[in-house]
Amino acid sequence: MASRESQKRLAALLAPDTTVVLTVECQQGVVGPDSALPELAAAARSSGALDNIARLVAAAHESGVQVMHAVAESRPDGRGANRNARLFRAAARLPVQQHTGTTAVRVAAPIQVAEEDLVVRRLHGLSPLAGTDVDALLRNLGCRTLVVTGVSANVAIPNAVFDAVNLGYTAVVPADAIAGVPAEYTPAMIRNTLALVATVITTDDILGRWKEPRRRAGT
């Protein structure tokens with residue numbers, strides 16, 4: 001059981017007014033039933049990661065914690081997209097494309113998008129932070145702690161965590177709310193890489209800190 005002092009530190013770290021929950025590529029074309037990457041989608045669902053992300057987002061909505069959804073998409077003509085790595089060239093040949101305006105780039109169930117959520121879309125690169133509006137939005141929101149969730153543990157999640165740390169945010173990674181392939185790679189990557197730069201906890205650890213419901217207007 002965590003000590004009272006460590007619980008106090010965690011509560012301060014996850015203070016609702018300075019914390020943002022970031023979902024990374026939790027879109028239908030990636031983790032949905034018709035995913036372009038069925039193995040990754042299966043890992044996200046069978047591991048419980050997608051359900052845990054939905055729980056975190058729902059709790060954030062109730063507790064007044066800002067939620068931001070980072071979506072990767074592309075233009076049908078491919079303009080502006082990277083072609084400088086095998087990953088990008090392989091993605092361009094997949095049967096499901098993450099084209100702007102299609103169902104593939106909508107946030108996937110069971111995650112619920114609230115009116116106050118921010119959705120940031122990128123047309124290039126590997127990271128939801130580098131070269132996007134995410135950093136400026138986080139600073140304007142007064143964010144100090146970024147809770148990083150989603151896929152994949154292979155590429156986008158470590159990119160997001162490293163960029164967050166480099167930009168001065170404290171990164172929190174709920175280990176049961178990210179997924180990658182193969183399944184055994186995710187815990188190894190968390191233990192040997194992310195744990196060196198982020199606070200690694202569980203979804204329940206975070207939910208336990210957000211006990212107070214958000215005050216409604218006029219109450």
Side-chain angles (χ1 to χ4, degrees), residues 8-27 30 52-74 80-82 98 100 105-107 111-153 155-175 177-178 190 193-201 203 205-207 209-215 217:
K8 287 173 63 176
R9 286 197 299 268
L10 188 57
L13 181 64
L14 295 168
D17 57 344
T18 56
T19 299
V20 173
V21 173
L22 179 70
T23 75
V24 178
E25 297 183 27
C26 293
Q27 55 207 72
V30 176
N52 284 328
I53 296 165
R55 292 171 64 211
L56 283 167
V57 168
H61 291 157
E62 286 299 314
S63 304
V65 175
Q66 180 66 53
V67 177
M68 188 178 297
H69 306 280
V71 174
E73 57 183 50
S74 63
N82 290 65
Q98 315 298 318
T100 301
V105 296
R106 294 179 185 170
V107 175
I111 300 167
Q112 296 295 315
V113 180
E115 185 176 354
E116 63 267 27
D117 291 2
L118 296 172
V119 180
V120 180
R121 304 178 183 279
R122 78 176 195 273
L123 292 171
H124 63 88
L126 299 170
S127 170
L129 276 76
T132 72
D133 291 336
V134 169
D135 180 39
L137 293 172
L138 292 176
R139 294 188 188 281
N140 289 345
L141 291 164
C143 175
R144 293 202 294 267
T145 299
L146 187 65
V147 179
V148 181
T149 71
V151 296
S152 72
V155 178
I157 295 298
N159 262 261
V161 171
F162 294 151
D163 285 346
V165 173
N166 286 333
L167 290 166
Y169 302 102
T170 298
V172 171
V173 177
I178 67 171
I190 293 170
T193 302
L194 296 189
L196 302 178
V197 295
T199 297
V200 177
I201 52 180
T203 295
D205 289 332
I206 297 174
L207 299 184
R209 304 280 68 81
W210 294 341
K211 293 178 180 177
E212 294 297 322
R214 180 174 47 183
R215 291 182 178 271

Atom pair CD (Glu25) and CD1 (Ile157), whose distance is rounded to the nearest 0.5 Å:
8.0 Å

Mind checking the CZ-CD spacing from Arg106 to Glu73? Nearest 0.5 Å is all I need.
12.0 Å

Who pairs with Gln66 by side chain to side chain donor-acceptor pair (under 3.5 Å), at least two apart in sequence or on another chain?
none

Could I get the full list of side chain to side chain donor-acceptor pair (under 3.5 Å) partners for Ser74, not counting sequence neighbours?
none

Salt bridge between Asp135 and Arg139, side-chain N to carboxylate O under 4.0 Å?
yes

Over all atoms of both residues, closest heavy-atom pair of Val200 and Ala175:
CG1-CB, 3.9 Å

Please give me the minimum heavy-atom distance between Gly125 and Asn82, naming the atom from each residue.
N-OD1, 2.8 Å

Determine, stepwise, if the pair Asn159 / Val24 fulfils side-chain contact (heavy atoms from CB on, under 4.5 Å).
CA-CA 11 Å; Asn159 262 261; Val24 178; over 6 Å; no

To the nearest 0.5 angstrom, please state how far the CG atom of Leu22 sits from the CG atom of Leu56.
12.0 Å

I need the Ile206 CD1 to Thr149 OG1 distance, nearest 0.5 Å.
9.0 Å

Heavy atoms of Cys26 and Gly150 approach each other most closely as SG-CA, 3.7 Å

Ignoring hydrogens and angles, tell me if any N or O in the side chain of Asp163 forms a donor-acceptor pair with the backbone of Ala160 under 3.5 Å.
no

Heavy atoms only: give me the nearest His61-Asp117 pair and the separation to one decimal.
NE2-OD1, 2.9 Å

Given Val71 and Val119, is the side-chain contact (heavy atoms from CB on, under 4.5 Å) satisfied, shown in steps?
CA-CA 7 Å; Val71 174; Val119 180; 4.0 Å; yes

Determine whether a donor-acceptor pair (N or O, by modelled atom type, separation under 3.5 Å) exists between the side chain of Arg121 and the backbone of Val105.
yes

Search all heavy atoms of Pro158 against all heavy atoms of Ser152 and return the closest pair with its distance.
CD-O, 3.7 Å

Under a 4.5 Å cut-off applied to non-hydrogen side-chain atoms, are Arg122 and Val120 in contact?
no

Looking only at heavy atoms, which two atoms of Ala177 and Asn52 are closest? And how far apart?
CB-CB, 4.2 Å

Is any side-chain heavy atom of Leu118 closer than 4.5 Å to a side-chain heavy atom of Leu141?
yes

Point-to-point distance, once rounded to the nearest 0.5 Å, from CG of Leu138 to CE of Met68:
4.5 Å

Checking Ser127 side chain against Leu129 main chain: does a donor-acceptor pair fall under 3.5 Å?
yes

Value rounded to 0.5 Å, distance of OG1 in Thr199 from CG in Asp205
11.0 Å

Tell me whether Trp210 contacts the main-chain N or O of Leu14 through its side chain, where contact means a donor paired with an acceptor under 3.5 Å.
yes

